Amino acid sequence: MDEFGMGSKNEFSIYGATRNPCEQTPEVGGSKERHQPHRHSPGGSSGGSAAAVASGMCRIALGSDTGGSVRLPAAWCGVVGFKPTYGRVSRHGLVAYGSSLDAIGVMARSVGDVRAAFHAMSVPDPRDMTCMSSKLRRRIESFTGSREWTKHVDWENGATKASKPLDGVRIGIPKEFWVDELSLSALESWKSGAQRLADLGCEIVQVSLPHIPSSLPAYYTLAFAESSSNLARYDGIRYGTRSNQLPAKSNGSNASYKYANTRSEGLGSEVQRRILLGTYVMTASASEQYHVLAQKIRRLIQKDFDSVFALPNVLALDGADPPGPAVADRPKGVDALLFPTATDTAPLLGTLAQNPVTGYVNDIMTVPANLAGIPAVSVPVDIDSTGMPVGLQLAAQFGDDDLLLSIAAHLQSQFV
Amino acid sequence: AKWDDPPNTNVALADAGIPGSLPRLNPECVGIAARAILGLNGKVQKQSSFDRKHYFYSDQPLGFQITQQRSPIGRGGKVSLGHNEGLDYTKDIRIHQLQLEQDTAKSVHDVYPGYVLTDLNRAGVALLEIVSEPDIETPEEAALYVRKMQTLLRHIRVSHCNMEEGSMRCDVNVSVYRNSDHRLSGTRCELKNLNSLKVIRGAVSAEIRRQIETIESGNPVEQETRGFDARQGKTFVIRSKEDAPDYRYMPEPDIPEIHLTDEWIEAARLALPELPEVALARIQEQYGLSKETVETILAEPGCVDLFEDTARGRNAKTVASWITSEVFGQLSYRAQRLQDSTLTSGQLSGLIDALETKSVTSAQAKKLLIAYMNGETQS
């Protein structure tokens with residue numbers, strides 16, 4: 001895992017990088033070469049979990065997904081990676097990185113296993129005030145359960161009684177995810193995924209989420225700000241490592257000097273980078289321009305999603321009633337969105353550019369779901385020409401986790 | 001858990017900032033805050049929320065404090081000062097806002113030289129901060145305002161308001177102005193760690209003197225945080241403006257907004273005990289007692305109930321006299337609060353009846369009282 005969950009390639013760990021088990025290791029002279037400098041990244045930050053599942057070390061693994069840290073490694077290692085709706089799974093016990101973005105996610109080789117683990121964990125917890133109460137869960141149920149046009153979508157896709165098990169389900173293709181950085185393999189699997197869903201009975205439409213292009217800077221501003229706050233506690237006083245060096249200044253009123261050595265020695269360079277940037281965007285002079293603006297963009301992105309989904313966002317409804325069964329025609333809007341998980345397959349480790357910020361671009365497909373708190377899942381669909389896995393991503397409205405996983409299961413079955 | 005428990009024996013995971021721990025809002029504190037706001041004639045806000053206020057200090061284990069400073073639960077209200085407080089004029093000290101926030105840990109500086117010791121017992125405990133408008137104009141008004149606040153908040157069971165124990169703390173902001181200038185044109189200095197009414201009076205007086213001297217010698221007053229040295233009668237610098245941190249406020253992501261309904265607020269209002277000033281007038285009128293006597297009764301939480309229950313059908317002056325001299329005398333001897341005493345109105349009633357019918361002598365009655373207050377229940 002990248003230190004404190006901060007990284008997309010599993011390079012930032014004091015224990016060394018994790019390797020991607022999907023790569024073909026050439027044998028040289030009868031034995032596998034050791035200490036090869038060029039190996040593929042498993043993705044990050046939960047790359048270890050993805051590698052463990054992909055290599056068969058375990059059946060299910062947990063990860064934390066703040067900006068894609070479960071879905072991205074899942075895609076690069078060829079397994080299923082699911083980020084539930086924010087608040088479904090308690091964050092008590094999760095080392096906090098971006099409190100309003102963090103979600104505990106599940107990885108497995110099949111959607112079925114992911115679903116089973118998710119249901120076991122998706123329960124109320126009074127120790128986490130942001131974890132959905134029973135009341136809210138029931139309220140969401142009353143909305144998703146009263147939807148006529150998805151009632152037939154079931155979980156068991158095996159011996160499909162229906163030839164078109166997803167008949168009536170509408171899938172949106174958000175055009176703003178068609179970015180320049182998309183590789184050929186990502187584009188092809190996107191098209192092929194849409195085709196397979198259509199074969200299953202889905203209606204495929206194009207949708208627009210106009211503020212998506214601003215999601216990456218908004219995400220990093222907010223994530224770094226929250227992380228600078230959540231990591232302020234690591235001062236070596238009550239737990240953890242403590243520097244042996246005495247503080248440079250012993251000015252009693254300025255406690256920062258007491259902690260500086262411990263934090264400089266004990267936190268990795270990427271972590272320090274994020275803390276400093278996060279601190280900066282919250283300073284009095286910069287806050288309005290960066291932090292406040294990022295929060296506004298976040299709200300716009302949430303509204304973009306609300307405008308394309310057929311299911312209303314229960315958080316925006318304030319006590320209104322769920323749509324009754326009397327609604328004959330299904331409303332406008334889609335039931336799920338389909339887009340790539342990553343712009344390309346797993347890169348080589350050690351190709352970190354001179355400017356570490358360029359690595360952040362990997363997250364462009366995954367951060368919007370964290371900003372809006374909506375559920376999203378990466379499904380392994382393909383292998384590219386170099387033999388590395390490609391993942392396709394599905395996202396649904398806030399709280400619509402079960403429908404999302406059903407659609408994901410059907411999609412995965414098309415590519416097995 | 002008590003305020004003087006041994007250090008670091010009452011620590012929750014979240015108070016120590018253990019990774020993975022999360023803060024929780026105690027709903028009882030919301031109820032207490034609402035009581036205080038209503039008792040002070042303020043307006044309970046239907047929506048309020050929390051922010052993080054960031055700074056590094058040895059008494060701040062998480063590196064931030066959770067506070068409602070920017071979106072408080074209460075706004076407005078007032079404390080009236082006048083003849084009851086010994087002034088020959090009347091004045092309202094308005095309240096700006098009331099907010100819930102976390103307490104810090106306690107830093108101990110003088111036990112091991114060169115080391116700061118941290119006691120996390122009170123870290124994370126809820127505080128209610130009451131911010132006044134700049135209506136206070138003399139050191140005396142400051143002390144009277146605090147004292148009246150104490151009486152009221154004790155009466156409506158918001159807090160013990162005990163400055164020695166730390167259940168009430170005061171910071172005072174002081175500025176001065178020339179008569180020809182605007183009232184609020186002076187630079188404010190904050191006086192912290194004032195732990196008694198006497199200290200408040202002394203510190204405010206000393207600071208006023210200092211600021212006037214500074215200005216009259218041609219220098220500007222610098223914005224500083226200062227403490228009070230009671231022995232020297234002077235204030236001293238704790239922190240200057242350059243050292244003042246940028247708090248980098250951020251909405252608290254782990255605690256949702258508080259939403260209160262009109263019904264809930266109304267229920268809280270109805271549950272408020274009779275406010276002291278109302279009770280003062282009523283009891284004087286109803287029982288024909290002197291103002292001093294009623295004030296003495298009102299000053300001790302729980303005493304009004306004891307008095308009124310006992311006085312029903314009996315001579316009010318006798319009852320009042322027994323309470324204010326004998327009962328209070330016993331409480332004082334035991335260093336006890338009436339609320340913690342075993343004495344019941346039934347016992348006191350029986351005792352006074354027995355005296356009236358002369359079935360016991362005065363001396364025997366006093367012995368009986370002592371027995372009741374020792375916890376014995378035999379009549």
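Throughout, a chain's letter reflects where its sequence line sits, starting with A, and its residues are numbered from 1. Given the structure is predicted, the values throughout are model-derived calculations rather than measurements.
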Original post:
So does A/R299 have more than 12 non-hydrogen atoms from other groups sitting under 6.0 Å from CZ?
Top reply: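 Incorrect, the count does not exceed 12.
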Subject >> Top of B/I255, B/I18, B/T118 for chain A proximity - count of heavy-atom pairs under 4.5 angstrom >> reply: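 With the most close heavy-atom pairs to chain A, the winner is B/I18.
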Original post:
Going through the checks in order, is the side-chain hydrogen bond (donor to acceptor under 3.5 Å, both in side chains) test met by A/H92 and B/S21?
Top reply: CA-CA 6 Å; A/H92 184 261; B/S21 63; over 6 Å; no
Original post:
Can you check whether B/R248 reaches A/H291 side chain to side chain, under 4.5 Å on heavy atoms?
Top reply: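 The answer is no, as the side chains (C-beta and beyond) never meet within the 4.5 Å cut-off.
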Subject >> Smallest separation among heavy atoms of A/S229 and B/H54, with atom names >> reply: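 That would be OG-NE2, 2.7 Å.
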Original post:
OG/A/S99 to CG/B/L22 distance, rounded to the nearest 0.5 angstrom?
Top reply: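 One gets 7.5 Å once the value is rounded to the nearest 0.5 Å.
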Subject >> ring-ring contact (aromatic ring centres under 6.0 Å, His included) pairs, two or more places apart, involving residues 6-38 of chain B >> reply: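 Counting only pairs at least two positions apart or across chains, no ring-ring contact (aromatic ring centres under 6.0 Å, His included) contact touches residues 6-38 of chain B.
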**OP:** Using modelled atom types only, decide if a donor and an acceptor are shared between the side chain of B/D246 and the backbone of A/T283 within a distance under 3.5 Å.
**Re:**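 Answer holds: no.
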Subject >> Point-to-point distance, once rounded to the nearest 0.5 Å, from CE of A/M129 to CZ of B/R24 >> reply: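 Nearest 0.5 Å value for the CE-CZ distance: 8.5 Å.
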Original post:
For A/S100, is it the side chain, the backbone, both, or neither that has a heavy atom closer than 4.5 Å to a heavy atom of chain B?
Top reply: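 For A/S100, heavy atoms of backbone and side chain both lie under 4.5 Å from chain B.
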Original post:
Rounded to the nearest 0.5 Å, what separation is found between the CZ atom of B/F64 and the OG atom of A/S228?
Top reply: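 So the CZ of B/F64 and the OG of A/S228 are separated by 10.5 Å.
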Original post:
Has the side chain of B/Y249 got a donor or acceptor atom that lies under 3.5 Å from a matching backbone atom of A/A284?
Top reply: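 Such a contact is absent between B/Y249 side chain and A/A284 backbone.
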Original post:
Is it the side chain or the backbone of B/R52 that comes within 4.5 Å of chain A heavy atoms, both, or neither?
Top reply: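 For B/R52, the contact with chain A is made by the side chain alone.
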Subject >> Basic-acidic side-chain contact under 4.0 Å: A/R91, B/D254 >> reply: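 Between B/D254 and A/R91 there is a salt bridge, with a charged N closer than 4.0 Å to a carboxylate O.
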Original post:
So which of B/P61, B/P23, B/P256, B/P251 has the biggest tally of heavy-atom pairs under 4.5 Å with chain A?
Top reply: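 It is B/P61.
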Original post:
More than 12 heavy atoms of other residues, nucleotides or ligands under 6.0 Å from CZ of B/F236: is that the case?
Top reply: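 For B/F236, atom CZ is crowded (more than 12 foreign heavy atoms under 6.0 Å).
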Subject >> Positions in residues 235-243 of chain A that reach chain B, provided some heavy atom is under 4.5 Å away >> reply: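 From residues 235-243 of chain A, the residues near chain B are A/D235, A/R238, A/Y239.
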**OP:** Can you tell which part of A/Q295 gets under 4.5 Å to a heavy atom of chain B, answering side chain, backbone, both or neither?
**Re:**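 Side chain only.
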Subject >> Side chains of B/S58 and A/Y259 in contact at under 4.5 Å (non-hydrogen atoms) >> reply: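 Yes, close enough: below the 4.5 Å cut-off.
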Original post:
Minimum heavy-atom separation for A/R233 to B/P19, with atom names?
Top reply: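 That closest heavy-atom pairing would be NH1-CA, 4.4 Å.
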